[in-house]
There are 2 protein chains.
Amino acid sequence: MIVIKTFLFKVINLKKATIKDVAQLAKVSISTVSNALNGVNVVKPQTKARILKAAHHLNYSPNLMGKQLRSGQTNTIGVFTDSVAGPYFYQLIETISQAVAAKHYGLSVTLANNHTALMNALLGNTCDGAIIFDHRVDDRDLEHLAGQGIPAVMLDRPVSGERLSSIVFDSFNESYLATQYLLKLGHRRLGYLAGYDNNRDNHERFSGFQQAILAAGLNLEDMVVLKGLFEEKASFEAMQTYLTTATAQPVTAFLAGNDLSAIGAIKAIQAAGQHVPTDYSVIGFDDIEIASYFQPALTTVHNPIAQQAQLAVTELIRLLTTKQWGQQQVLPGELKLRDSTAQC
Amino acid sequence: MIVIKTFLFKVINLKKATIKDVAQLAKVSISTVSNALNGVNVVKPQTKARILKAAHHLNYSPNLMGKQLRSGQTNTIGVFTDSVAGPYFYQLIETISQAVAAKHYGLSVTLANNHTALMNALLGNTCDGAIIFDHRVDDRDLEHLAGQGIPAVMLDRPVSGERLSSIVFDSFNESYLATQYLLKLGHRRLGYLAGYDNNRDNHERFSGFQQAILAAGLNLEDMVVLKGLFEEKASFEAMQTYLTTATAQPVTAFLAGNDLSAIGAIKAIQAAGQHVPTDYSVIGFDDIEIASYFQPALTTVHNPIAQQAQLAVTELIRLLTTKQWGQQQVLPGELKLRDSTAQC
DNA sequence: ACTATCATTGTATCCGGTTCCATTACCAAA
DNA sequence: TTTGGTAATGGAACCGGATACAATGATAGT
């Protein structure tokens, strides 16, 4: 009999202890337990001690679902994204996590594989506010969010509204200045390694590139656009193809859609027996970790990712705690001069 | 009056629509709404259509807290970690996210800044099962978890139990083999760039290093241990100090606790005007992205991170769906021969 | 001793869903 | 017309907590 009892005890114990169990063991009501555990200062110290002891004995930890359902607050900030791949994201999330912790919020990163799952998570009240880095979220989705009163900060698109802010990089100007720098070095025939067609950064960077060229009084027709697709491999192949079909008046400098693209291009140039920056200058975007380790060290545009992350959290908490409107913030980047660019 | 009404309407509308609102608008009970929206096949098509229309009109999306509280299921797998920094984590999480999506689970990554927050999140029923990559979780915590019936897979420590599995790399053997390789190249005086004292990987790697040396009949006293702390800067300084105090019979090869450490050491060697691998051979661990871009390309131990991630998800789902016991799995790494090692 | 006051504790409701079970409506067979 | 059966819908309990409010008990003032 004793054996069976022990077994039953174990099975019963497998079920998570609830506030009811704690109340029963401490011989008080559940409301008193709730008060004691949440630091409401009305419980007699003696009773509180008994409750804490009971809670500890039962390995009690509150069910967050119940807690959050009733209180309507999660005390959690959610980051929603379609991809955690790449160095950008983890630099971002690292600072976000620190900033969120400093403000005594919890952090939850949700990776949704499709749009429905994303919106469900976003609208499912699993967080008090959202930081969104997801290209699939369109304006209609944002309207939904706003309608449900969930504050959000967008990182990949400039938007703003009643409870909606955005913090983006100044891709156009960065590109404009980088291109200007290549022109200043004496290059007159430039190439652009394009990223994805529907990507905002790609679009802005390409526009900046074009505008700088026009502003210098040069002809866009002399320029070359290669499909780099933001990838090393695609850029390598695109550059390889270009090099074999090079004309008499070849391009001497390339602006790449991002660093990976720049690296792929440089590898193709090197594989063809030519040199960077002697034969070609190349500039990237993002200043990923590899950029400074690469040979030659990459001249690239550095975006203040940590600053963006910090601002995103600050701004979201502002939206959460005040009833003020959201705003658009644009952060300027910086051209890091390294060894992949030289005088023409 | 109309203006005020409109205003009131707006304010009311700001509140999220609940299942009750949908029921009211569709003129049915909430249970029917629930059935209709969850695909229970008892609702008359006509009614269902009316409900769907109402739900859409109200921008209704269910509150996940309520849903999960009642059903006791979250359909979500949680990843719990103390740090997302570094390339290891994002390679890991990328594969995890794909695997989880393929199994039709949601994914939530929780970054807890302190132990209490971590355990609260872990024990708060916010996920059906957990993948834990957090050095702060000790055996007592795991007992808690087991006691609450939450299945978990540990990634940084070999453990197993009723609902607990682990998937770790074979750090000891990897280190043993890497050291053996250095010995095979003719090196007789070796150095180890140590990581954190309390880190399991560091401990295993150091043990493997020592055992390989002993097995070769060499004397441990001839070996050198530098404090690299898994960081580039600390390793740079440790190596710099070592080089200035070098003896007549210097070490010719180093095993570093990780790649960053190896890179720091190599930079110090180069800064001192010497060369790798001509003067010193250096081996790292992890095969981070930079390793192959670095000059010289780093000889390092490659761990099958994607495989670990895939197995973690598969194993966790096994624990979730069957009542079988957990297990320990150890994955072998592979020594990637590149350009930072040479014959003595 | 009686009562007002305050410190504690208990009761009941609610949060937003799911789900079991009862109820209703409808139709065909007797 | 009655009955039986099934399809469709509604009612109510419940998940685990928080919280407003009621109730209790103790203490002190008169």
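Lettering of chains follows the sequences in order, A, B, ..., and the numbering in each one begins at 1.
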Just by distance, do the side chain of [X] and the backbone of [Y] share a donor-acceptor pair under 3.5 Å?
| X | Y | result |
| --- | --- | --- |
| B:Arg163 | B:Gly147 | no |
| A:Gln148 | B:Asn59 | yes |
| B:Thr74 | B:Asp128 | yes |
| B:Gln68 | B:Thr126 | no |
| B:Arg157 | B:Val137 | yes |
| B:Asn38 | B:Val40 | no |
| A:Ser61 | B:Asn120 | no |
| B:Lys16 | A:Ile150 | no |

*Tell me which residues in residues 44-53 of chain A put a heavy atom below 4.0 Å from DNA chain C, sorted by number, or none.*
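Residues of residues 44-53 of chain A under 4.0 Å from DNA chain C: A:Lys44, A:Thr47.
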
*Which atom names give the shortest non-hydrogen contact between A:Val168 and A:Pro158, and what distance separates them?*
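That would be CG1-N, 3.8 Å.
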
*Taking all heavy atoms of B:Ala312 and all of B:Ile131, pick out the closest pair and write down the distance.*
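Minimum heavy-atom separation between B:Ala312 and B:Ile131: CB-CD1, 4.1 Å.
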
_Any carboxylate oxygen within less than 4.0 angstrom of a Lys/Arg side-chain nitrogen, looking at A:Glu143 and A:Arg140?_
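Between A:Arg140 and A:Glu143 there is no salt bridge, as every charged N stays at least 4.0 Å from the carboxylate O atoms.
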
Starting at [atom1] of [X] and ending at [atom2] of [N], how long is that distance when rounded to a whole Å?
| X | N | atom1 | atom2 | answer |
| --- | --- | --- | --- | --- |
| B:Ile30 | D:dG11 | CD1 | C1' | 9 Å |
| A:Gln73 | D:dG17 | CD | P | 18 Å |
| A:Asn41 | C:dA7 | CG | P | 11 Å |
| A:Lys27 | C:dG10 | NZ | C1' | 17 Å |
| B:Gln68 | D:dG16 | CD | P | 14 Å |

Is [X] touching bases, backbone alone, or none of the nucleic acid, heavy atoms closer than 4.0 Å?
| X | result |
| --- | --- |
| A:Val40 | nothing |
| A:Val28 | sugar-phosphate |
| B:Asn125 | nothing |
| A:Val33 | nothing |

*Look at the side chain of A:Ser31 against the base of C:dG10 and say whether a donor-acceptor pair falls under 3.5 Å; ignore hydrogens and angles.*
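Indeed, a donor on one side and an acceptor on the other fall under 3.5 Å apart.
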
*Would you indicate, yes or no, if C:dT18 has its OP1 or OP2 atom less than 4.0 angstrom from a side-chain nitrogen or oxygen of B:Asn35?*
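Checking B:Asn35 against C:dT18: no side-chain N or O falls below 4.0 Å of OP1 or OP2.
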
*Would you say C:dG10 has OP1 or OP2 under 4.0 Å from some side-chain N or O of A:Ser29?*
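For A:Ser29, the contact criterion (side-chain N or O under 4.0 Å from OP1 or OP2 of C:dG10) is met.
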
Every protein N/O lying under 3.5 Å from an N/O of nucleotides 14-16 of chain C:
{"residue": "C:dC14", "atom": "O2", "partner": "A:Arg70", "partner atom": "NH1", "Å": "2.8"}
{"residue": "C:dC15", "atom": "O2", "partner": "A:Arg70", "partner atom": "N", "Å": "3.3"}
{"residue": "C:dG16", "atom": "N2", "partner": "B:Gly66", "partner atom": "O", "Å": "3.2"}

*Side chain of B:Ser34: nearest nucleotide among C:dT19, C:dT9, D:dG10?*
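The nucleotide sitting nearest to the side chain is C:dT19.
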
_Mutual orientation of the aromatic rings belonging to A:Phe133 and A:Tyr88 [parallel < 30°, tilted 30-60°, perpendicular > 60°]_ =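 Tilted.
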
Show the distances under 3.5 angstrom between N or O atoms of the protein and N or O atoms of nucleotides 21-25 of chain C.
none

